[in-house]
Amino acid sequence: MGLRYHLSWPRVLRQKLIPSTRQWRALSSLHYEEVIKPSWATSSNSVEILPLLSGICGSDVGLIRGHSSPYLAPLTRFPAVLGHEVVGRVVEDSPEWSKGTVVVVNPALSCTSLGLKDPCPACRHGRPDLCYYRGRHDMGLLLGFHTHFPGGFAERMWVPSHQLYPVPPKMSPERAVLSEPLSIVLYGLSHIQWSSVKRVLVIGSGPIGLLTLFALRETGLTQDLLMAVARYPQQQQWAKRLGAEVVSNLEAPAITEITGIPYPHIWHTLPWRPRGFDLVIDAVGSSSSLRGAISCVRPGGQLLLLGAASEMSWDFTPLWSKDITLYGTFGYGPSPDQTFQHALTLLHTTSIPIEQLITQTFFLDEYQNAFATLENKSQGAIKICLKPRARRA
């Protein structure tokens with residue numbers, strides 16, 4: 001059994017038009033139903049795993065609520081079992097994995113994933129993260145976003161053997177399941193030219209924002225000032241715990257002290273600020289967060305768009321007029337094995353109880369409660385995971 005998303009374009013269009021307070025109706029696109037082993041998983045390259053925990057990602061929520069951009073639609077195929085932040089247990093012995101081994105999943109799909117004999121130029125030159133054939137060869141973008149590549153919101157999942165990584169001994173599943181989003185963060189941070197960075201602003205203190213603060217702290221990347229925007233009490237507490245100076249919004253005096261007082265501006269345009277942060281990281285991915293990020297970065301500074309942004313239209317004048325470098329980032333980079341191993345090492349060695357970011361866990365058939373809790377921030381939710389019920393003997 002698994003949690004499968006059924007795409008309906010009329011439903012998506014309705015979701016884009018209805019008020020956000022009624023978007024719980026989007027859950028009608030999810031069905032808890034039988035999952036059948038895909039044909040490609042009969043090869044020796046495939047390993048069957050039992051998902052122990054699967055994190056609900058912002059991209060899952062964006063898809064369900066109709067916020068995702070249609071740009072990536074050709075790289076997906078629905079209906080599909082969602083879930084790509086997965087820690088699981090190997091079900092049966094295989095040439096490379098022993099039964100019972102606890103592993104985390106690299107969900108990226110590429111020519112290498114399928115073992116294609118004639119890979120695309122990017123995969124042939126060691127860049128599976130830039131695979132040209134996504135959307136071809138019946139492949140897709142990620143496990144969990146394609147009919148034939150079911151994700152971790154299920155009782156079983158099938159993964160290419162070389163895209164599994166063993167979890168260090170005694171590491172809890174709650175900590176290990178953070179390795180995939182932390183890998184996203186680590187690759188994103190690798191884009192930055194750190195020699196000119198002293199003042200950093202992280203906008204958003206959800207899971208990606210807090211893991212960004214965690215990564216900055218644990219990797220020792222140098223900055224004189226680290227500030228985070230956090231709206232909710234539980235986010236503010238964690239951001240402070242991870243070493244950030246916290247503000248609740250971008251109008252806070254502490255922000256203005258860095259950026260200068262905004263110049264008078266025409267209605268509905270971005271305010272020009274004479275100074276700003278050397279690096280601003282947008283860990284939200286909405287129109288309002290990106291507007292704030294561009295407003296707060298200094299002329300000549302850097303802006304990192306981290307995670308899955310929603311569909312938006314944009315005036316690029318602030319970027320070119322302030323000579324801002326904007327980095328878009330996706331996935332785990334040209335060396336995903338190294339990225340995942342780095343993430344697992346940081347999670348294994350830290351003294352911070354980072355697994356406490358997992359605030360609630362629900363069984364798969366309780367998915368409606370899970371998504372309702374995720375929407376209601378007053379309940380203290382940060383990261384929510386799903387897990388299957390134990391099978392009866």
Side-chain angles (χ1 to χ4, degrees), residues 20-21 53 55-62 65 67 85 174-175 177-182 184-186 188-189 199-219 221 223 225-255 258 277 279-293 295-296 303-310 343 346-347 350-362 370-385:
S20 59
T21 54
L53 281 180
I56 298 177
C57 177
S59 59
D60 300 320
V61 176
R65 296 187 62 179
H67 293 172
E85 303 177 359
E174 290 78 10
R175 185 171 288 209
V177 78
L178 296 172
S179 60
E180 192 277 341
L182 181 56
I184 293 285
V185 168
L186 291 173
L189 294 177
R199 296 176 297 187
V200 179
L201 173 65
V202 178
I203 298 179
S205 294
I208 289 293
L210 292 175
L211 286 173
T212 299
L213 298 177
F214 171 78
L216 290 171
R217 172 181 174 136
E218 294 296 302
T219 56
L221 293 170
Q223 63 270 324
L225 173 65
L226 177 59
M227 190 174 292
V229 179
R231 293 178 58 186
Y232 302 102
Q234 68 273 20
Q235 296 177 347
Q236 294 169 355
Q237 292 168 8
W238 263 105
K240 291 177 182 177
R241 190 176 192 177
L242 293 169
E245 181 179 334
V246 178
V247 296
S248 60
N249 57 69
L250 293 177
E251 285 68 49
I255 295 288
I258 301 297
F277 292 83
L279 168 64
V280 178
I281 299 173
D282 180 358
V284 178
S286 67
S287 294
S288 60
S289 65
L290 185 55
R291 287 172 61 88
S295 178
C296 289
L303 172 57
L304 175 62
L305 185 58
L306 193 56
S310 61
L346 292 179
L347 291 169
T350 184
S351 60
I352 300 171
I354 196 67
E355 66 277 1
Q356 293 177 11
L357 290 182
I358 309 297
T359 48
Q360 287 98 351
T361 300
F362 293 86
F371 283 95
T373 302
L374 192 61
E375 288 291 310
N376 188 354
K377 300 300 183 182
S378 64
Q379 296 186 32
I382 295 180
K383 186 73 175 178
I384 290 181
C385 291

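Computed from a prediction, not measured in an experiment: that's the story for all the values here.
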message: Quick one, Val247 with Met227, criterion side chain to side chain contact (heavy atoms under 4.5 Å, CB included). Give me CA distance, side-chain angles, the key distance, then yes/no.
response: CA-CA 7 Å; Val247 296; Met227 190 174 292; 4.1 Å; yes

- prompt: Given Glu355 and Lys383, is the salt bridge (Lys or Arg N to Asp or Glu O under 4.0 Å) satisfied, shown in steps?
  reply: CA-CA 10 Å; Glu355 66 277 1; Lys383 186 73 175 178; over 6 Å; no

message: Could you walk me through whether Val177 and Cys385 satisfy the side chain to side chain contact (heavy atoms under 4.5 Å, CB included) test, starting with their C-alpha distance in whole Å, then the side-chain angles of each, then the deciding distance to 0.1 Å, before giving a yes or no?
response: CA-CA 9 Å; Val177 78; Cys385 291; 4.1 Å; yes

message: As a quick check of understanding, evaluate side chain to side chain contact (heavy atoms under 4.5 Å, CB included) for Leu225 and Leu201, giving each step before the final call.
response: CA-CA 8 Å; Leu225 173 65; Leu201 173 65; over 6 Å; no

message: side chain to side chain contact (heavy atoms under 4.5 Å, CB included) for Thr373 and Phe362? Distances and angles first, verdict last.
response: CA-CA 10 Å; Thr373 302; Phe362 293 86; 3.5 Å; yes

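When the salt bridge (charged side-chain N to carboxylate O under 4.0 Å, His left out) test is applied to Arg217, no partner is found at least two apart in sequence or on another chain.
The minimum heavy-atom distance between Leu213 and Ala228, with the atom names listed, is CD1-CB, 4.0 Å. Between Leu346 and Phe214, the shortest heavy-atom distance links the atoms O-CZ, 3.9 Å. Across every non-hydrogen atom of Leu182 and Ala343, the tightest pair is CD2-O, 3.7 Å. The two residues Leu305 and Gly285 come nearest to each other via the heavy atoms CD1-CA, 4.5 Å. Heavy-atom minimum distance, Gly55 versus Asp60: O-OD2, 4.0 Å. Here the closest non-hydrogen pair linking Val200 and Leu216 is CG1-CD1, 4.4 Å.
With a 4.5 Å cut-off on side-chain heavy atoms, Leu357 and Leu211 count as touching. Leu210 places a side-chain heavy atom less than 4.5 Å from the side chain of Leu242. A heavy-atom distance below 4.5 Å is not found between the side chains of Gln234 and Thr359. With contacts defined as side-chain heavy-atom distances shorter than 4.5 Å, the pair Val61/Glu375 qualifies. Between Ile352 and Glu218, some side-chain heavy-atom pair lies under the 4.5 Å cut-off. Pro181 has its side chain within reach of Ile208: a pair of non-hydrogen atoms, C-beta onward, lies under 4.5 Å apart. At least one side-chain heavy atom of Arg175 sits under 4.5 Å from a side-chain heavy atom of Ile354. A heavy-atom distance below 4.5 Å is found between the side chains of Ile255 and Cys296.
Going from atom CD1 of Ile382 over to atom CD of Gln356 covers 9.5 Å, rounded to the nearest 0.5 Å. Distance check, rounded to the nearest 0.5 Å: CG of Leu189 to CG of Leu304 gives 6.5 Å. How far CG of Leu279 is from CG of Leu303: 8.0 Å, rounded to the nearest 0.5 Å. With values rounded to the nearest 0.5 angstrom, Arg231 atom CZ is found 10.0 Å from Ser248 atom OG. Put simply, CG on Leu290 and OG on Ser295 are 11.0 Å apart, with the number rounded to the nearest 0.5 Å. Between the CG atom of Leu53 and the CD atom of Glu174 there is a distance of 5.0 Å, given to the nearest 0.5 Å.
For Ser289 (side chain) and Ser286 (main-chain N/O), a donor-acceptor pair under 3.5 Å exists by modelled atom type. Of the possible donor and acceptor atoms, one in the side chain of Ser205 sits under 3.5 Å from a partner among the backbone N and O of Val229. Put simply, the side chain of Thr219 gets close to the backbone of Ala215: a donor and an acceptor are under 3.5 Å apart. Listed for the Glu85 side chain is no donor-acceptor partner under 3.5 Å among the backbone atoms of Glu180.
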